[in-house]
Q: 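Just passing along the structure, written as structure tokens.
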Amino acid sequence: MLRSIGPVSRFGRSFTAVTATAATLAVTAMSLAASPAAAAPTASPAAATTARPGDTCTAADLGTRKPYIKSTEVSPTITHFKGWFVTEGTTGNQVVTTSTQTVISVSVGVTGGLEGSFPVQTLTAAGATLGLSVKVDASSTSTESNAVTWNFNQPGYYGVYKGTKKVTGTYASLNCNRVQQSGGGWALQWVEGPGGGNFTTFTTVEEGAVRCQDSVPANSIMAKAQGLLDCGSPAAKAERPAGAVPPTAKQKRDRLAQRQAAADGQAAGQPKVAGEPKADGPGAKAGAPIAKADLSCGSELYRITVPGKPLSWGAPHLRADSVRLRPSTIFSGNLDQWRLCNVTERDGVMEATLWNLGNQACATIFPQNAGTDQTPLMMESPCREDDLQRFYIYRDVPGSSKIGVQNKYTGSMMGHDRYADGESVRQYSSGRQDGSGTYTLNRV
């Protein structure tokens, strides 16, 4: 049994939108300030690292989200292979050029993009769940060199290979939101957001050589390579010149199936044209967002402010500018006032369109930048009210007006880099972990 393990290396947005069930505007908007306040629970270690549904969170977590690994599967996989025959007199170090057997690419969600921190955190969480060191960058086994240098010290029929453990699974997004307890009180807990997605990654690539007569662990990378040798066939026992052995029928079938699977995958997920969103959140889907009916807005006006501080979301005078943190003064021109439109609620999570009184437009993420982390929040008129203009609102316990805001299409949380007049409100795939993505929704 012969094996060599290469050096270890580490590197360091797809949910499907769920249509919220209808709830009346008056009830959902008013519920922001209903009921007596309850003390927010302290964060548990699990909520700070690998949160699970039902773990406690704090108001500082309202503007963040975390990945939750729902299932995993590990499959030893041969990525490169070559049958090789060594005769008497040809032993020693040889460089074998292998052929690509299987290509594994790191991907998270529908588009497979790793823009932002949430996809990276998803892969990191998957590795931690399994106790494996996995790739957490946009890499592929096709970038590995196909040359294997090996010291053959005995004659025989060898399978020279490179292989790895392919790691696949499903994940969900956890958001912090208020949950009513059995006794009637309220608490902040991590809840599973709408939708979910799939991920693929792999571990360190190993290389080596194995013979038919070698005893190898079952379901190991070496065993997978040994299976490609067709050890029971007459061809495996036949005398032949030293060097490369033509691929077996099984190898040809496997490679054809691999090429077909790759072609089918490319056809199913054609690269998006320039300007089309890359989605990795609750609203991830193929094609453009779907426009909805005209707005139905409540009469209540709100300011979305930074807790305990005077700056709030201010819509721009010029449509080409972004929503920024601005002071509310007599010169604000109502640009600091917002209405919640077409409000719905599902499982305690509000969904609404944010319409601004000052410029008569709706908050949105522009399609050409939807897949980019730190894209600024913009305004658009007329309001199309597609999923780029829809936002989930996660709320603190009743009596507190603190909220977190998430774009429905991209799944990213709203936040800002620093507290300063004129600072743009932006989207962050995991939210701002310093709590700067928590705002207050205060009625004017």
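Bear in mind the structure is a predicted one, so any value in this text is a computation, not a measurement. All values below were derived from every heavy atom in this structure, side-chain atoms included, with hydrogens, water molecules and symmetry-related copies excluded.
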Q: Distance alone, cut at 3.5 Å: any donor-acceptor contact between the side chains of W84 and Q94?
A: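 There is such a pair between these side chains.
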Q: If we only count heavy atoms from C-beta on, is the V191 to D347 side-chain gap below 4.5 Å?
A: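 Counting from C-beta outward, V191 and D347 never come under 4.5 Å.
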Q: Is it true that a side-chain atom of D373 and a backbone atom of S429 form a donor plus acceptor pair closer than 3.5 Å?
A: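 A pair under 3.5 Å: yes.
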Q: Is the side chain of R395 donor-acceptor paired with the backbone N or O of S400 at a distance under 3.5 Å, no angle test?
A: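 Side chain of R395 to backbone of S400, a donor-acceptor pair under 3.5 Å: no, none is there.
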Q: Walk me through it: do W190 and D61 pass the test side chain to side chain contact (heavy atoms under 4.5 Å, CB included)?
A: CA-CA 9 Å; W190 291 105; D61 297 314; 3.8 Å; yes
Q: Go through the steps to decide whether T440 and I304 satisfy the test side chain to side chain contact (heavy atoms under 4.5 Å, CB included), and finish with yes or no.
A: CA-CA 6 Å; T440 57; I304 305 173; over 6 Å; no
Q: Show, in sequence, the C-alpha distance, side-chain angles and deciding distance for D55 and Y68, and conclude whether the side-chain hydrogen bond (donor to acceptor under 3.5 Å, both in side chains) test is met.
A: CA-CA 12 Å; D55 286 344; Y68 169 55; over 6 Å; no
Q: Sort out for me which residue in L62, D396, I403 forms a side-chain contact (heavy atoms from CB on, under 4.5 Å) with T438.
A: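 So, applying the side-chain contact (heavy atoms from CB on, under 4.5 Å) to T438 and each of L62, D396, I403, only L62 qualifies.
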Q: Using the side-chain hydrogen bond (donor to acceptor under 3.5 Å, both in side chains) definition, which of the options R384, Q389, R390 pairs with T353?
A: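 In the set R384, Q389, R390, the residue that makes a side-chain hydrogen bond (donor to acceptor under 3.5 Å, both in side chains) with T353 is R390.
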Q: Side-chain donor-acceptor pair under 3.5 Å between R211 and Q226, yes or no?
A: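 There is no such pair between these side chains.
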Q: So, D417 and Y428: side-chain donor and acceptor under 3.5 Å apart, yes or no?
A: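 Short answer, yes.
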Q: Salt bridge (Lys or Arg N to Asp or Glu O under 4.0 Å) with R426: which residues, sequence neighbours excluded?
A: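 R426 satisfies salt bridge (Lys or Arg N to Asp or Glu O under 4.0 Å) with no other residue.
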Q: Under a plain distance cut-off of 3.5 Å, with no hydrogens placed, do S105 and S107 share a side-chain donor-acceptor pair?
A: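 No - no donor-acceptor pair under 3.5 Å links their side chains.
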Q: What's the verdict on side-chain hydrogen bond (donor to acceptor under 3.5 Å, both in side chains) for S142 and S140, showing C-alpha distance, side-chain angles and the deciding distance?
A: CA-CA 5 Å; S142 62; S140 167; 2.9 Å; yes
Q: Which one of T164, N219, T203 satisfies the side-chain contact (heavy atoms from CB on, under 4.5 Å) criterion with P76?
A: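 Answer after filtering T164, N219, T203: N219.
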Q: Without hydrogens or angle criteria, can the side chains of Q406 and S412 be said to hold a donor-acceptor pair below 3.5 Å?
A: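 Note: Q406 and S412 side chains miss the donor-acceptor criterion.
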Q: Under the 3.5 angstrom rule, does the side chain of K166 hit a backbone N or O of I78 as a donor-acceptor pair?
A: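 Not a single qualifying donor-acceptor pair exists.
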Q: Do side-chain atoms of N146 reach the backbone of T100 as a donor and acceptor pair under 3.5 angstrom?
A: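 No, the answer is negative, given that no donor and acceptor are paired below the 3.5 Å cut-off.
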Q: Go through it in stages, so that I can follow the logic: the residues are R324 and E423, the test is salt bridge (charged side-chain N to carboxylate O under 4.0 Å, His left out), and I'd like the CA-CA distance, side-chain angles, deciding distance and then a yes or no.
A: CA-CA 5 Å; R324 297 178 183 271; E423 183 68 21; over 6 Å; no
Q: Taking ring pair (Phe, Tyr, Trp, His ring centres under 6.0 Å) as the test, write out the residues that go with H416, two or more places apart.
A: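 H416: ring pair (Phe, Tyr, Trp, His ring centres under 6.0 Å) contacts with Y439.
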Q: I'd like to know if the side chain of T122 reaches the main chain of F118, judged simply by a donor and an acceptor atom lying under 3.5 Å from each other, with no hydrogens or angles considered.
A: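 Yes, because the side chain of T122 sits within donor-acceptor range (under 3.5 Å) of the backbone of F118.
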Q: Could you tell me whether a side-chain N or O of Q427 sits under 3.5 Å from a main-chain N or O of T372, the two making a donor and an acceptor?
A: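 A pair under 3.5 Å: yes.
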Q: Return yes when the gap between the SG atoms of C57 and C176 is under 2.5 Å; return no otherwise.
A: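 In this structure, C57 and C176 share a disulfide.
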Q: Taking atom types as modelled and ignoring hydrogens, do the side chains of S117 and S430 form a donor-acceptor contact shorter than 3.5 angstrom?
A: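 Checked: S117/S430 side chains pair up, N/O donor to acceptor below 3.5 Å.
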Q: Give a yes/no on whether the SG-to-SG distance for C362 versus C383 is below 2.5 Å.
A: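 The sulfur gammas are closer than 2.5 Å, so yes.
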Q: Considering only heavy atoms from C-beta outward, does the side chain of V323 approach that of M378 to under 4.5 Å?
A: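 Not touching, per the 4.5 Å side-chain cut-off.
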Q: If you measure only the distance, is there a donor-acceptor pair under 3.5 Å linking the side chains of T129 and T72?
A: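 T129 vs T72: no donor-acceptor pair found between side chains.
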Q: Does K309 make a cation-pi contact with Y419, if we ask for NZ or CZ under 6.0 Å from the ring centre and within 45° of the axis?
A: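 The answer is yes; both the distance and angle limits are met.
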Q: Counting only N and O atoms by type, is there a donor-acceptor contact under 3.5 Å from the side chain of W338 to the main-chain atoms of W313?
A: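 Such a contact is found between W338 side chain and W313 backbone.
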Q: Start with the C-alpha distance between S71 and T170, add both sets of side-chain angles, then the distance that settles side-chain hydrogen bond (donor to acceptor under 3.5 Å, both in side chains), and finish with yes or no.
A: CA-CA 5 Å; S71 66; T170 60; 2.7 Å; yes
Q: Would you find a donor on one side and an acceptor on the other, under 3.5 Å apart, between the side chain of D214 and the backbone of V216?
A: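 Such a contact is absent between D214 side chain and V216 backbone.
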Q: For S173 and E192, which I'm curious about, is there any donor-acceptor pair between the side chains at under 3.5 Å?
A: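 Per modelled atom types, S173 and E192 side chains form no pair under 3.5 Å.
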Q: Does D321 use its side chain to pair, donor to acceptor, with the backbone of P316 at less than 3.5 Å?
A: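 It does not hold such a pair.
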Q: Going by atom types alone, do T102 and T79 pair a side-chain donor with an acceptor below 3.5 Å?
A: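 Side-chain D/A pair, T102 to T79: absent.
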Q: Report yes or no: does T201 contribute a side-chain atom to a donor-acceptor pair with the main-chain N or O of K135 at less than 3.5 Å?
A: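 Here the side-chain-to-backbone pair exists.
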Q: Can you confirm whether or not the ring centre of F85 sits under 6.0 Å from the ring centre of Y158?
A: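 No - the distance between ring centres of F85 and Y158 does not fall below the 6.0 Å cut-off.
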Q: Using the salt bridge (charged side-chain N to carboxylate O under 4.0 Å, His left out) rule, collect all pairs that involve residues 140-149, keeping only residues at least two apart or in two chains.
A: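 For residues 140-149, and leaving out neighbouring residues, there are no salt bridge (charged side-chain N to carboxylate O under 4.0 Å, His left out) pairs at all.
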